[in-house]
S.K.: 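The structure's right below; bear with me while I get my questions together.
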Amino acid sequence: MSDIFWFNFFWLGKSAIPGSAVAPQSSCPRLLEHRRRPQAPRVPAVPPSSSVISLEIRQTAKGPPVRADEIALGGRRISRLPLSGRRLELRTNFWSLTVKVIESANKLKGAEEPSGVLRGAQNAWDLLSDEQSQKHITTGSGDLNSILGGGIHCKEVTEIGGVPGVGKTQLGIQLAINVQIPVEYGGLGGKAVYIDTEGSFMVERVYQIAEGCISDIMEYFPYRHDKASSGREHLQPERFLADIYYFRVCSYTEQIAVINYLEKFLGEHKDVRIIIIDSVTFHFRQDFDDLALRTRVLSGLSLKLMKLSKTYNVATQHQGHAGKTKYFCGR
Amino acid sequence: MNEDQPSVENGCVLWSNGMDLFKDAAERNNFLPTGLEGIDMLLGGGLRKGHLTEITGQSSSGKTQVCLYSASHVAARHMGVVLYLDTSNSFSPSRIAHIVDELPISLIKEPKDMRLKRVMSSIVCESVFDVFALFEVLDQLEASMNDKVNSGGNKICLLIIDSVSSLLAPIIGGKNSQGRSMMISVAMILKKLADKHNLSVLVTNHTVGGNGAPKPALGESWKAVPHVRLMISRDHGSNMYTATVLKHTLLVF
């Protein structure tokens with residue numbers, strides 16, 4: 001997902017894709033400036049028989065303001081350029097790289113299913129079967145489970161809010177333990193990431209909850225753990241504690257940094273099944289004077305979290321406090 | 001002039017005169033029904049092809065439900081493929097299944113499970129979580145629709161983006177104007193797609209403003225973008241939904 005180079009291409013010349021009338025961006029100042037340079041590559045004349053797309057690729061800095069500029073001027077990202085079945089000719093120049101993409105003569109004409117309309121998209125039927133086979137993380141309370149529809153769902157963001165002292169942190173710790181219940185006992189057998197912004201994660205309490213969870217498992221499945229006697233060694237509180245990845249953040253910049261880093265982290269640790277953030281708005285309450293900026297930053301954070309949940313099939317649970325901003329994230 | 005510049009004649013769009021457009025509009029089935037009678041009535045028949053319709057409202061006022069209903073009804077009536085771009089993981093296949101099951105039997109004549117499978121296979125869902133991903137998706141869509149013109153496959157007739165404001169709101173505001181220019185880029189691409197391929201585009205927006213009445217988000221620049229704007233609100237006490245037309249190009253007030 002992370003592009004090293006931000007490629008920006010302008011459609012120079014007649015595009016050979018039928019049906020599209022692309023107007024030249026002659027009013028674009030950057031293009032004009034580029035054309036004035038003597039060494040700028042000339043786009044070759046397009047032979048009518050083959051479909052040739054000439055793209056000019058320029059390497060620019062990665063930062064979002066520059067990207068936004070480029071997009072506003074009509075540039076497009078080609079990280080997902082459909083290059084399958086095409087020949088690439090690279091011709092370098094002092095200023096830039098010209099890539100000639102020549103489509104292969106025989107186009108693939110397979111059966112056109114609706115998902116062919118967009119690469120990587122699923123249709124609702126597949127999503128329904130996925131959804132029905134999804135497992136839930138139990139919260140430990142039957143009533144809460146029934147309100148949530150079985151428990152906390154993976155691929156979703158759940159928000160827990162309430163007045164101080166109502167039990168949000170305890171619920172978070174309980175979930176961090178419950179996600180680790182092994183698959184043979186009806187759980188997910190995954191690991192947890194706990195991002196602590198307030199410093200309310202008490203290790204002794206986690207140990208107690210882990211012991212309680214283990215004794216619950218022994219109680220509900222008395223016959224099972226006799227079969228797999230090796231499984232009994234795995235049910236130790238120390239194992240449960242070892243499978244929680246704990247991050248402590250002390251400012252909002254650290255919080256934003258951790259959430260940005262999580263993508264890479266989840267790519268390396270594929271067995272993480274829940275991310276708990278306690279609490280997401282804590283650092284945004286005291287330092288921020290600009291309310292509009294706070295709303296924007298928090299909405300951006302929530303989008304990133306939703307993307308993480310969807311991509312890596314984790315449940316994200318964050319906690320807020322009652323009386324915070326109207327911002328609300330997911331289900 | 002460089003030989004790579006397209007000549008002026010090739011860059012021109014085809015003309016049509018007013019009478020042709022009127023006949024065309026009268027004959028063709030231009031409206032995609034949403035399935036909700038009140039909303040269809042307000043829209044003048046449904047979501048109009050070639051137009052951008054916006055539904056705005058406060059949180060949990062029913063915007064996603066309108067989108068899900070439109071998707072189900074359009075797919076159930078064989079009108080084409082529906083593309084649902086979901087920005088907040090709010091697309092619920094089980095809810096679509098529920099809506100399709102509740103459709104009146106007289107509408108479609110085939111066994112229920114086959115109908116469900118067919119309807120749900122023609123709703124394609126993609127998650128986009130930031131505006132750059134949205135640009136990519138729209139570009140891919142444009143390229144594939146250009147191809148489909150030639151190969152004649154199952155065409156998209158409805159594009160739903162739920163919600164476009166959650167993608168655009170974090171980038172507008174502040175000192176730079178790049179966010180706003182990206183928002184207008186998105187708007188131009190959507191309208192171009194709608195017009196060129198005769199799609200109907202449905203987007204949702206949230207509301208802001210605690211001082212007075214809530215007003216739609218995304219500011220003044222976005223006001224001019226949709227052809228039709230509806231605001232829905234929900235009265236929690238009586239569970240009644242109210243829809244108001246904020247802007248409509250066809251109806252006169």
Side-chain angles (χ1 to χ4, degrees), chain A residues 12-14 17-24 26 35 42-43 45-46 54 65 67-69 71-72 76-77 79-80 82 109 112-125 127-128 130-132 155-157 292-293 295-297 299-300 303-304 306-307 309-310 326 328-331, chain B residues 2-6 10-13 59 71 81 83-84 87-94 96-97 116-117 119-127 129-130 132 135-137 139-146 148-151 153-154 156 166-167 169-171 173-174 176 178-179 181-182 185 210:
Chain A
L12 294 174
K14 207 190 314 193
I17 296 179
S20 71
V22 178
S26 52
R35 287 199 174 171
R42 287 277 145 248
V43 175
V46 173
S54 288
R67 270 207 223 160
D69 260 339
I71 286 193
R76 290 287 180 269
R77 219 162 117 174
S79 53
R80 272 203 233 162
K109 265 206 188 134
E112 295 270 299
E113 356 87 39
S115 335
V117 82
L118 209 61
R119 249 160 304 258
Q122 288 180 291
N123 64 31
W125 183 253
L127 286 175
L128 183 66
D130 279 348
E131 200 184 70
Q132 282 164 349
K155 288 197 180 187
E156 280 181 15
V157 177
L293 177 62
T295 315
R296 285 202 301 276
V297 171
S299 333
L303 281 177
K304 284 198 194 108
M306 287 197 269
K307 184 172 169 186
S309 301
K310 192 89 185 202
K326 298 187 204 77
F328 190 79
C329 167
R331 274 173 289 180
Chain B
N2 299 333
E3 65 267 7
D4 51 10
Q5 286 244 19
N10 292 355
C12 254
V13 188
S59 168
V81 174
L83 178 60
Y84 197 105
T87 67
S88 44
N89 284 341
S90 53
F91 180 75
S92 162
S94 43
I96 300 253
L116 185 65
K117 179 154 197 254
V119 170
M120 295 192 65
S121 311
S122 33
I123 303 178
V124 180
C125 179
E126 168 88 10
S127 299
F129 295 108
D130 61 77
F132 302 110
F135 277 118
E136 274 187 43
V137 165
D139 277 343
Q140 267 188 46
L141 182 63
E142 190 166 351
S144 81
M145 295 214 70
N146 286 332
K148 282 224 169 10
V149 163
N150 303 331
S151 60
N154 226 349
I156 299 187
S166 67
L167 293 181
I171 55 173
N176 296 328
Q178 285 141 352
S181 66
M182 285 208 271
S185 281

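The sequence lines fix the lettering, A, B, ..., with proteins before strands; numbering per chain opens at 1. All of these numbers come straight from a predicted model, not from anything done at the bench.
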S.K.: With rounding to the nearest 0.5 Å, note down the distance linking CG in A:N123 to NZ in B:K117.
M.R.: 8.5 Å
S.K.: So which atom in A:E131 and which in B:P93 form the shortest heavy-atom distance, rounded to 0.1 Å?
M.R.: OE2-CD, 3.2 Å
S.K.: Which bit of A:L293 is near chain B, if near means a heavy-atom gap under 4.5 Å: side chain, backbone, both or neither?
M.R.: neither
S.K.: Below 4.5 Å from any heavy atom of chain B, which atoms of A:K155 appear? Answer side chain, backbone, both or neither.
M.R.: backbone
S.K.: Measure the CG-CD1 distance between A:L127 and B:I96 for me, rounded to the nearest 0.5 Å.
M.R.: 9.5 Å
S.K.: Mind checking whether B:D130 and A:K307 have side chains closer than 4.5 Å, heavy atoms only?
M.R.: yes
S.K.: For chain B, which candidate among A:A292, A:S309, A:G300, A:A124 shows the most heavy-atom pairs at distances under 4.5 Å?
M.R.: A:A124
S.K.: Chain A heavy atoms under 4.5 Å from B:S94: which part of the residue, side chain, backbone, both or neither?
M.R.: both
S.K.: Looking at every non-hydrogen atom in both residues, tell me the closest pair between B:S88 and A:M306 and how far apart they are.
M.R.: CA-SD, 3.5 Å
S.K.: What heavy-atom pair brings A:L303 and B:T87 nearest, and what distance separates the two atoms?
M.R.: CD2-O, 3.7 Å
